[in-house]
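Notes to accompany the following structure.
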Amino acid sequence: WEEERYPEGIKWKFLEHKGPVFAPPYEPLPENVKFYYDGKVMKLSPKAEEVATFFAKMLDHEYTTKEIFRKNFFKDWRKEMTNEEKNIITNLSKCDFTQMSQYFKAQSEARKQMSKEEKLKIKEENEKLLKEYGFCIMDNHKERIANFKIEPPGLFRGRGNHPKMGMLKRRIMPEDIIINCSKDAKVPSPPPGHKWKEVRHDNKVTWLVSWTENIQGSIKYIMLNPSSRIKGEKDWQKYETARRLKKCVDKIRNQYREDWKSKEMKVRQRAVALYFIDKLALRAGNEKEEGETADTVGCCSLRVEHINLHPELDGQEYVVEFDFLGKDSIRYYNKVPVEKRVFKNLQLFMENKQPEDDLFDRLNTGILNKHLQDLMEGLTAKVFRTYNASITLQQQLKELTAPDENIPAKILSYNRANRAVAILCNHQRAPPKTFEKSMMNLQSKIDAKKEQLADARRDLKSAKADAKVMKDAKTKKVVESKKKAVQRLEEQLMKLEVQATDREENKQIALGTSKLNYLDPRITVAWCKKWGVPIEKIYNKTQREKFAWAIDMADEDYEF
DNA sequence: GTACTAGACTCAGAAAAATATTA
DNA sequence: ATAATATTTTTCTGAGTCTAGTA
């Protein structure tokens, strides 16, 4: 890229693609797979049957036990039924989907048991599909498309306590699809007998295909892969904005400290919120439509019930205890000592309020971002997250990397630095189901290795003793080889121990999100170059593709 | 001015698939 | 060598942020 700069807002000049791949059509169940209502066999109409299979496929999932999920599902399912079916099927609890469920389980089992040839055939078909639909031409380059397959119909699964869980996500048809391409490009053809909703030529946007989804009424897009020029440049830009913040962050911090004393309530609230965003890397917190989504908050939308003030706690003064659900209903729990002025302000903000009232009642993300824009061009709340994440990585790497450590130990240091960022950003994961077991396995490996090492050491000792007596070349050689063996085992043991530490520390922490979205990849590239750590040890193939620009750009002196 | 909303884009963890390791 | 299992990578699509256009 970097060939030519486009005027403001223009994203491309030429764009040609083959359109989306639609979900495979519904295949009715074989005759012998029965559905029972109230203990009696019932043959469902194709439409009702299709929706029933969505539920059957999820039968083992916790979702299907939830009241809201069942209620939403049943309501939408009934809409797909014939009048007769509607008359009979009035109670979800009387529906028996077990045969369907077993049928699908058997099918997935069969898929696992397929022969090599069959698996290869499927693989080849997928590759063919990718080759045909997975790429587009944007301005002189063939670029990989991220999600060229249209989402298949199914039951909506929100995150957390979502009021719409279980609703039917309808099948997307060509008639729902808007195609975007350049005027001089070949327009993709819709499937036979169908037509597109619209074909447009808008080079002010980056998407190739869009449609409106029926659960929230929001628009979904097909866009390019992170390795593409258009995504890469944007990513680069993001980190450049964060680096600009680095230059003026001290000034901004002084400013909001001043603003804590302002006569204006709005200014004080803005300043305290910004302090949280900066110090704790909280998200901005847009307001959300009540009842449309799970009840989650970010900084500006915090409510009184989400914090607890402790004038003194565990020997620390002015502690704020946060407890709220953030993006994706991930819990944020943190006890933070704050400056006295912040504490007093919070007390003031909470005066005469109910738990469900907004903490920052005079503030929203619009007001905050407008203020930030005045402080620095291009500055918004999320830039603080990027900035603090990247600067933390850089500092931690400096602090944790010991020059004479070996590569595995260096990688552990890297992961620890990465982990510090993930903790800051509250990137969590459910502990893997097999975590305990896998830790135990690793421990027994370590024990076995220790034993081997002890044996090897004993061998070495006796070989040395032999050599002392015999003093011939042969025994000397034996000593040498035993020495090598010990060394090798020591190294292997150390590697395993490092791995165990890394894994233990990582139990509930997800490193991927910060690595992919918050850490300036040039910091990592520079670190790898400086310490001779192969980049493949840190970034896998996909990641290297996404960060190709950084790998190309940064040398070992790069400073964020 | 400002508030509201649609639109476009980034970022998020779970689940599925692929691959590596072990039995 | 093969199958079972563990681990890593990729896919999936939901959930945020933020802006521009409109009332």
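Quick caveat, the model's predicted, so the values are computed rather than measured. Numbered from 1 within each chain, the chains take letters A, B, ... in sequence-line order.
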Contact class for A:Gly285 (heavy atom, under 4.0 Å): base, sugar-phosphate, or nothing?
-> sugar-phosphate

Let me know, please, whether A:Lys541 or A:Arg157 comes out on the 5' side of the other along DNA chain C by nearest nucleotide.
-> A:Lys541

Select base, sugar-phosphate, or nothing to describe what A:Arg159 touches, counting heavy atoms under 4.0 Å on all strands.
-> base

Could you check which of B:dC11, B:dT10, C:dT11 has an atom nearest any side-chain atom of A:Arg144?
-> C:dT11

From CA spacing to verdict: side-chain hydrogen bond (donor to acceptor under 3.5 Å, both in side chains), A:Glu505, A:Asn415 = CA-CA 10 Å; A:Glu505 289 177 358; A:Asn415 286 341; over 6 Å; no

If you look at every strand shown and take non-hydrogen atoms under 4.0 Å, does A:Ser218 touch a base, only sugar-phosphate, or nothing?
-> nothing

What is the ring orientation for A:Tyr414 with A:Trp527, classed by angle as parallel under 30°, tilted 30 to 60°, or perpendicular over 60°?
-> tilted

Residue whose nearest DNA chain B nucleotide is more 5′ - A:Tyr221 or A:Asn364 = A:Asn364

Could you tell me whether A:Ala294 contacts a base, only the sugar-phosphate backbone, or nothing, with contacts defined as non-hydrogen atoms closer than 4.0 Å?
-> nothing

For DNA chain C, whose closest nucleotide is more 5', that of A:Ala146 or that of A:Arg503?
-> A:Arg503

Given B:dA8, C:dG14, C:dT17, the nucleotide with the shortest approach to the side chain of A:Ala284 | C:dT17

Is A:Phe156 touching bases, backbone alone, or none of the nucleic acid, heavy atoms closer than 4.0 Å?
-> sugar-phosphate

Once you round it to whole Å, what is the distance between C1' of C:dC12 and NZ of A:Lys149?
-> 10 Å

To the nearest Å, give me how far apart NZ (A:Lys238) and P (B:dA8) are.
-> 20 Å

A:His162 side chain N/O closer than 4.0 Å to the phosphate oxygens (OP1, OP2) of C:dG14?
-> no

NA contact type, A:Thr293, heavy-atom cut-off 4.0 Å: base, sugar-phosphate, or nothing?
-> nothing

Do the side-chain N and O atoms of A:Asp278 and A:Asn388 include a donor-acceptor pair separated by under 3.5 angstrom?
-> yes

Write down the distance between CG (A:Leu224) and P (B:dT10), rounded to a whole number of angstrom.
-> 10 Å

A:Gln543 CD - C:dT9 C1' separation (whole Å) | 9 Å

Across the strands shown, which category fits A:Glu213 at heavy-atom distances under 4.0 angstrom: base, sugar-phosphate, nothing?
-> nothing

Candidate nucleotides B:dC11, B:dG13, B:dA8, ranked by approach to the side chain of A:Asn517 - the nearest | B:dC11

With sugar-phosphate meaning primed atoms plus P, OP1 and OP2, does A:Lys169 contact a base, only sugar-phosphate, or nothing at under 4.0 Å between heavy atoms?
-> sugar-phosphate

Look at the side chain of A:His427 and decide which nucleotide, out of B:dG7, C:dT13, B:dG13, has an atom nearest to it.
-> B:dG13

Show your reasoning for whether side-chain hydrogen bond (donor to acceptor under 3.5 Å, both in side chains) applies to A:Asp358 and A:Ser301.
-> CA-CA 6 Å; A:Asp358 285 338; A:Ser301 50; over 6 Å; no

State which of C:dA15, C:dT13, B:dT10 makes the closest approach to the side chain of A:Asp328.
-> C:dA15

Over how many whole Å does the gap from A:Ile411 atom CD1 to C:dT8 atom P extend?
-> 12 Å

Base, sugar-phosphate, or nothing: which does A:Pro152 touch, judged by heavy atoms less than 4.0 Å apart?
-> sugar-phosphate

Remember a base hit wins even if backbone is also touched, and classify A:Gly217 as base, sugar-phosphate or nothing at under 4.0 Å, heavy atoms.
-> nothing

A:Phe156 ring centre to A:Lys164 NZ or CZ under 6.0 Å, with the angle to the axis within 45°?
-> no

Would you say a side-chain N or O of A:Lys327 is under 4.0 Å from OP1 or OP2 of B:dA12?
-> yes

Taking only the side-chain nitrogens and oxygens of A:Thr296, find out if one of them lies under 4.0 Å from OP1 or OP2 of C:dG16.
-> yes

Please tell me which of the listed nucleotides, C:dA15, B:dA15, C:dC18, lies nearest to the side chain of A:His61?
-> B:dA15

Whole angstrom value for the distance that separates P of B:dA3 from CG of A:Leu363 = 13 Å

Side chain of A:Thr380 - closest among B:dC11, B:dT19, C:dT19 = C:dT19

Pairwise side-chain contact, A:His306 with A:Leu359, heavy-atom cut-off 4.5 Å (strictly under) | no

Phosphate OP1/OP2 of C:dG16 contacted by A:Lys382 side-chain N/O (<4.0 Å) = no

NZ of A:Lys119 versus P of B:dA18: gap in Å, rounded?
-> 9 Å

Separation of B:dA15 atom C1' from A:Met58 atom CE, nearest Å, is 12 Å

Looking across every strand, which nucleic acid part, if any, lies under 4.0 Å from A:Lys11 by heavy atom: base, sugar-phosphate, or nothing?
-> sugar-phosphate

Hey, does A:Asn286 reach any base, or is it just sugar-phosphate, or nothing, if we go heavy atoms under 4.0 Å?
-> base

Could you give me the CA-CA distance, side-chain angles and deciding distance for A:Tyr63 and A:Arg157, then say whether side-chain hydrogen bond (donor to acceptor under 3.5 Å, both in side chains) is met?
-> CA-CA 8 Å; A:Tyr63 271 117; A:Arg157 309 146 82 134; 5.0 Å; no

Donor on one side chain, acceptor on other, A:Thr380 and A:Asn369, under 3.5 Å | no

Base, sugar-phosphate, or nothing: which does A:Arg331 touch, judged by heavy atoms less than 4.0 Å apart?
-> nothing

Under 4.0 Å between any heavy atoms, over every strand shown, what does A:Ile215 touch: base, sugar-phosphate, or nothing? Just pick one.
-> nothing

Heavy-atom nearest nucleotide on DNA chain B taken for A:Arg111 and for A:Arg283; more 5' hit belongs to A:Arg283

Does A:Arg200 make a side-chain N or O approach to OP1 or OP2 of B:dG7 shorter than 4.0 Å?
-> no

